[in-house]
Amino acid sequence: MAVFVWYRMMKHVLFALLLATTTFGTDESQWRESRRTRLTSEDGWLTLVGLNWLHEGTNEISLPAHPPVMKKFVLDQGKVTMDAVVLRDDTDPQGPTVTRIGTLSFTAIKRSDKNGDRYGIRVKDAQSASRKLFKGLQYFPSNPDYRVEAKFEPYQPARKISITNVLGMTSDEVSPGALVFTLKGKTYRIDPILEQGEKDLFIIFKDATSGKETYGAARYLYATPPDANGKTVVDFNHAYNPPCAFTPYATCPLPPPQNRLAVRIEAGEKKYAGGHS
């Protein structure tokens, strides 16, 4: 009798393990497909073909259409206009004004740091070479060991941390608290930030694979807000390359020192074969 009880118990355990493995694998496949769809969409990062910074006054910009199109943009004390129409920038709660010319689209962007604000015109082309010649994404094998439970330790009040982007601009971003987790037997602590209008925690990090198997500047990752017990999940299988891995016209934020982890995180997206170093 004891043998049959043990067998039934083991059957339930194996079924649970199989179900968990299947669910994990399905989740990873769906996430990767969603990532590919977003990246290769008609307004995804692969379509970015230009970024022109504006100076105060009138700016004449040649947009990379075929043939090129000249447009005048006026920057007047933080207000960008084209043909007397005010363009909302990408920090506006309503979203940026999108103007289209053929396969091109362009928007005003705003980047701020301790030295002030910079405004630019970001240009996308739905028929860009990067999109048409996309080489696909490469990943480490999915591994549930890199889906870790993290304890959220709130900062009271929320802390401002310095984030520098690839342009060398440094801004103070809001970090609501630290995420503390154990990986490969060691405890790590990272500071996520809250982006404007978002609830999920945005993690910018580097690890010991950076510059080798993975993109050298950083990888990105989101975690859901902590539950009532202060717990959330950090799934490094969902770590992905920043836009700068695909285009020189992005303004990617870089990880703060505390988010540079001395451990190999062999999970998530690898270096893009057709990208930048």
Side-chain angles (χ1 to χ4, degrees), residues 28 31-32 35 38-39 45-46 48 111 113-114 135 137-153 155 159-195 198 200-224 232-277:
E28 296 306 307
W31 186 90
R32 291 182 184 185
R35 160 71 172 157
R38 293 193 306 272
L39 184 62
W45 289 112
L46 294 175
L48 192 54
R111 296 294 178 268
D113 72 356
K114 299 172 182 178
K135 296 181 179 296
L137 299 172
Q138 301 298 318
Y139 291 88
F140 289 101
S142 297
N143 187 342
D145 290 343
Y146 287 102
R147 178 183 281 183
V148 297
E149 183 179 88
K151 179 183 179 183
F152 179 72
E153 296 185 352
Y155 294 134
R159 182 176 296 179
K160 292 289 186 73
I161 61 175
S162 294
I163 299 292
T164 301
N165 66 20
V166 294
L167 304 175
M169 302 177 70
T170 300
S171 60
D172 288 334
E173 304 295 335
V174 175
S175 179
L179 292 173
V180 181
F181 58 91
T182 300
L183 186 64
K184 297 183 178 180
K186 292 187 177 180
T187 299
Y188 297 92
R189 181 186 183 93
I190 55 178
D191 282 337
I193 62 175
L194 272 182
E195 299 172 291
E198 297 292 336
D200 287 345
L201 304 173
F202 180 40
I203 300 166
I204 311 168
F205 76 98
K206 290 181 68 169
D207 66 277
T209 69
S210 300
K212 303 181 181 77
E213 296 94 333
T214 62
Y215 185 58
R219 283 190 290 167
Y220 296 165
L221 175 65
Y222 282 93
T224 56
T232 187
V233 172
V234 176
D235 190 348
F236 287 104
N237 294 283
H238 293 178
Y240 64 94
N241 288 326
C244 296
F246 306 96
T247 174
Y249 302 114
T251 61
C252 305
L254 301 173
Q258 63 270 34
N259 289 8
R260 299 170 189 172
L261 308 177
V263 60
R264 285 180 58 82
I265 298 180
E266 297 173 347
E269 202 168 294
K270 292 184 175 182
K271 187 184 298 183
Y272 179 54
H276 305 274
S277 59

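Atom set for the values below is all heavy atoms of this structure, side chains included, hydrogens, waters and symmetry mates excluded. Positions are given from 1, in the same order as the sequence printed here.
Here CG of Leu137 is found 6.0 Å from CZ of Arg35. Values are rounded to the nearest 0.5 Å. Interatomic distance, Thr164 OG1 to Asp113 CG, rounded to the nearest 0.5 Å: 9.0 Å. Annotation: the span from Gln138 atom CD to Thr214 atom OG1 amounts to 13.5 Å, rounded to 0.5 Å. A distance of 10.0 Å separates CZ of Phe202 from CD of Glu173, quoted to the nearest 0.5 Å. Considering OG1 of Thr182 and NZ of Lys151, their distance stands at 11.0 Å, rounded to 0.5 Å. Rounded to the nearest 0.5 angstrom, Ile193 CD1 and Ile204 CD1 are separated by 4.0 Å.
In the model, Thr170 has no side-chain atom that pairs as donor or acceptor with a side-chain atom of Ser162 under 3.5 Å. Lys184 and Tyr146 share a side-chain donor-acceptor pair at under 3.5 Å.
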With ring-ring contact (aromatic ring centres under 6.0 Å, His included) as the criterion, how do Phe205 and Tyr188 come out once you've worked through the C-alpha distance, each side chain's angles and the decisive distance to 0.1 Å? CA-CA 12 Å; Phe205 76 98; Tyr188 297 92; over 10 Å; no
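At most 12 non-hydrogen atoms from other residues, nucleotides or ligands lie less than 6.0 angstrom from OH of Tyr249.
Side-chain atoms of Tyr215 do not come within 3.5 Å of backbone N or O of Glu269 as any donor-acceptor pair. Formation of a donor-acceptor pair under 3.5 Å by the Thr209 side chain with backbone atoms of Glu266 is not found in this model. A donor-acceptor pair is defined here as one N or O able to donate and one able to accept, closer than 3.5 Å; no such pair exists between the side chain of Lys206 and the backbone of Ala217. The closest donor-acceptor contact from the side chain of Asp207 to the backbone of Ile265 lies under 3.5 Å. Between the Asn143 side chain and the Asn237 main chain, no donor and acceptor come within less than 3.5 Å of each other.
Counting all heavy atoms, side chain and backbone alike, Thr224 lies closest to Thr232 at O-OG1, 2.7 Å. Residues Ile163 and Leu254 come closest through the heavy atom pair CG2-O, 3.7 Å. Of all non-hydrogen atoms in Phe181 and Leu179, the two that sit nearest each other are CD2-O, 4.0 Å. The two residues Ala239 and Arg219 make their nearest non-hydrogen contact at CB-NH1, 3.9 Å. When all heavy atoms are compared, the tightest approach of Pro243 to Tyr220 is CD-CE1, 4.0 Å. Across all non-hydrogen atoms, the minimal contact from Pro176 to Leu201 is CG-CD2, 3.9 Å.
Ring-plane geometry between Trp31 and His238 is classed as parallel, the angle between the planes falling under 30 degrees on a 0 to 90 degree scale with a further cut at 60.
At least one side-chain heavy atom of Gln258 sits less than 4.5 Å from a side-chain heavy atom of Ile161.
Between Arg147 and Glu28, at least one side-chain nitrogen of the basic residue sits less than 4.0 Å from a carboxylate oxygen of the acidic one, meeting the salt-bridge criterion.
In summary, of the residues considered (Tyr272, Tyr240, Trp45), a ring-ring contact (aromatic ring centres under 6.0 Å, His included) with Phe246 occurs for Tyr272 alone.
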